[in-house]
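Structure record follows, encoded as structure tokens.
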There are 2 protein chains.
Amino acid sequence: MLAILPPPTNTFCNLPAEKRERILAVAVEEFAANGYQKASLNNVVKRSGIAKGSLYQYFENKEGLFFHIFECFTDLVKAAANAALAQAAKDDFFVQLEAIVWAGIRFIDTHPDYFQIYLRVVFEQDVPRREELVSRVRLFPLEYMGPLCEAGQRAGAIRDDIDPAMAVFLVDAALERFLQAYAKPYLDSGLRLKEKNERQLRDAVVTMIDVLRAGLVPQG
Amino acid sequence: MLAILPPPTNTFCNLPAEKRERILAVAVEEFAANGYQKASLNNVVKRSGIAKGSLYQYFENKEGLFFHIFECFTDLVKAAANAALAQAAKDDFFVQLEAIVWAGIRFIDTHPDYFQIYLRVVFEQDVPRREELVSRVRLFPLEYMGPLCEAGQRAGAIRDDIDPAMAVFLVDAALERFLQAYAKPYLDSGLRLKEKNERQLRDAVVTMIDVLRAGLVPQG
DNA sequence: CCATAATATGACCACCTGGTCATATTATGC
DNA sequence: GCATAATATGACCAGGTGGTCATATTATGG
């Protein structure tokens, strides 16, 4: 189903971990700060202390480097999401949503640059094979949420007079936007998430889930 | 409050309307298709049939051209929003939301390139004075929605046990994301908005507003 | 210790960018 | 019809890009 992205060369994989991770970290920073087009490989080699030619022995070209970074990102996301859901597996649908939000918050805290790259991939048009990349990371939560919503409808936890796709859409919109707002304060419509302490942040998450529940629960 | 963006020169303003609009249209297309950085002025002059030097007699530089385009965009948005809200002024809060959504849908239908540029400005980092530009167009609906939500709470139409900023945030998230999904199908989480006919689209809007209302209305 | 293979290097390339400016063309007012 | 000002033009520039490649360095294993 998913096409293969050109992998890094063996030369790169066999590099000492320290060097490999240094190059990766610098490249992630560069792409996060400048986007795909404006990111400069000259900068990457300069700042990671390797020669231009070496970079081209590690990756086929600029795309190859970028795809490798995105592959690392999807691996991190899937690991985080699976861990969160495993813990909340037996809980209510809306409790699971809460777990996903928290996994997202923690992810942004620990990997802000990766999240920035993700946002760029989603909203910029000049990233190579963008739609394929986006679907790689978005298909996962969506395919998970779809069946969950339908099950919720059958079980009477979610009103059955609306298109299940609409339920998925609204939940996805709220969650994704909440994380965007957490990562990019100018998107938070005055919520000021980044200024909140742990407890206030928890309240905000609870409120959001609560409104979603009230909106999606069968209406009297 | 708002800083002044460098305007086009008189020379540009005095141009025959046909020529002026041709240049503007080509530039809008170029920025929409490629984003600020990758957009090529060489392309703009080639495709609009003017000389490179002429462009620099019309605008100070690349930024000047871009700011002018964004100014045109905000003018269009404000006109559309004001028209929509004027018609729904006496209606219920949620009816007004519906009017705003429809104004957005119509805007995207008539000005897809402008909307694409807006998305880029919001989500790209390498646009000059981005936050200022974003606030120019986002402050408007947000400042409008804030008081409206608070009034709704006082009047008992919206539950008063939640932070009004959270109400604004959720409404804004749903509406903005709905329009993003309409403009960029790969963001629609399977809703397939672009494949819907007028009637189905209307149903989707009504459902979304309905869920928002149920979520925000005072809870029994 | 040496031959061979793997890796590292940075000068170099063609290309494209935003921006300039001397010159040519056109419009204006007398 | 002429002088002057306004506008139009495109060759040209410095700077940066992704990408290449002949050469230098290091590792390997016999």
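Chain letters run A, B, ... following the sequence lines, proteins first and then strands; every chain starts at 1.
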Give the nucleotide from the list D:dT9, D:dG18, C:dG10 with an atom nearest to the side chain of A:Y56. D:dG18
In whole Å, what is the span from the CG atom of B:L55 to the P atom of C:dT17? 13 Å
Considering just the side-chain nitrogens and oxygens of B:K52, establish if one lies under 4.0 Å of OP1 or OP2 belonging to D:dG10. no
With sugar-phosphate meaning primed atoms plus P, OP1 and OP2, does B:S54 contact a base, only sugar-phosphate, or nothing at under 4.0 Å between heavy atoms? base
Between NZ of A:K62 and C1' of C:dC15 the distance, given in whole Å, is 14 Å
To the nearest 0.5 Å, what is the distance between OH (B:Y182) and CD1 (B:I105)? 6.0 Å
Rounded to whole angstroms, how far apart are CD on A:Q57 and P on D:dA24? 16 Å
How many Å lie between CG on A:N43 and P on D:dT17, as a whole number? 7 Å
Report the base-pairing partner of D:dT23 (Watson-Crick or G-U wobble, both distances below 3.5 angstrom), or none. C:dA8
A:N42 side-chain N/O to D:dT17 phosphate OP1/OP2 under 4.0 Å: yes
Below the 4.0 Å mark, does C:dA8 have OP1 or OP2 next to a side-chain nitrogen or oxygen of A:Y58? yes
Within 6.0 angstrom of B:Q200 CD, more than 12 heavy atoms from elsewhere: yes
Taking for each residue the nucleotide of DNA chain D bearing the nearest heavy atom, is the 5' side occupied by B:N10 or by B:G53? B:N10
Distance, rounded to the nearest Å, where A:Q37 contributes CD and D:dG19 contributes P: 11 Å
I'd like to know whether the aromatic ring centres of A:H68 and A:F12 sit less than 6.0 Å apart in this structure. yes
Lys NZ or Arg CZ of A:R129 over A:F67 ring: under 6.0 Å, within 45°: yes
In this structure, how many angstroms lie between the P atom of D:dT17 and the CG atom of B:N34, rounded? 18 Å
For B:L15, which contact category applies under a 4.0 Å heavy-atom criterion: base, sugar-phosphate, or nothing? sugar-phosphate
Take the protein atom CD1 of A:I50 and the nucleotide atom C1' of D:dT25, then report the distance between them rounded to whole Å. 16 Å
Taking the ring of A:F66 and the ring of A:F73, is the distance between their centroids below 6.0 Å? no
Need one value for B:K19: base, sugar-phosphate or nothing, where a base atom within 4.0 Å counts as base even if backbone is also close, heavy atoms only. sugar-phosphate
For B:L41 and D:dA11, give me the distance from atom CG to atom P, rounded to whole Å. 18 Å
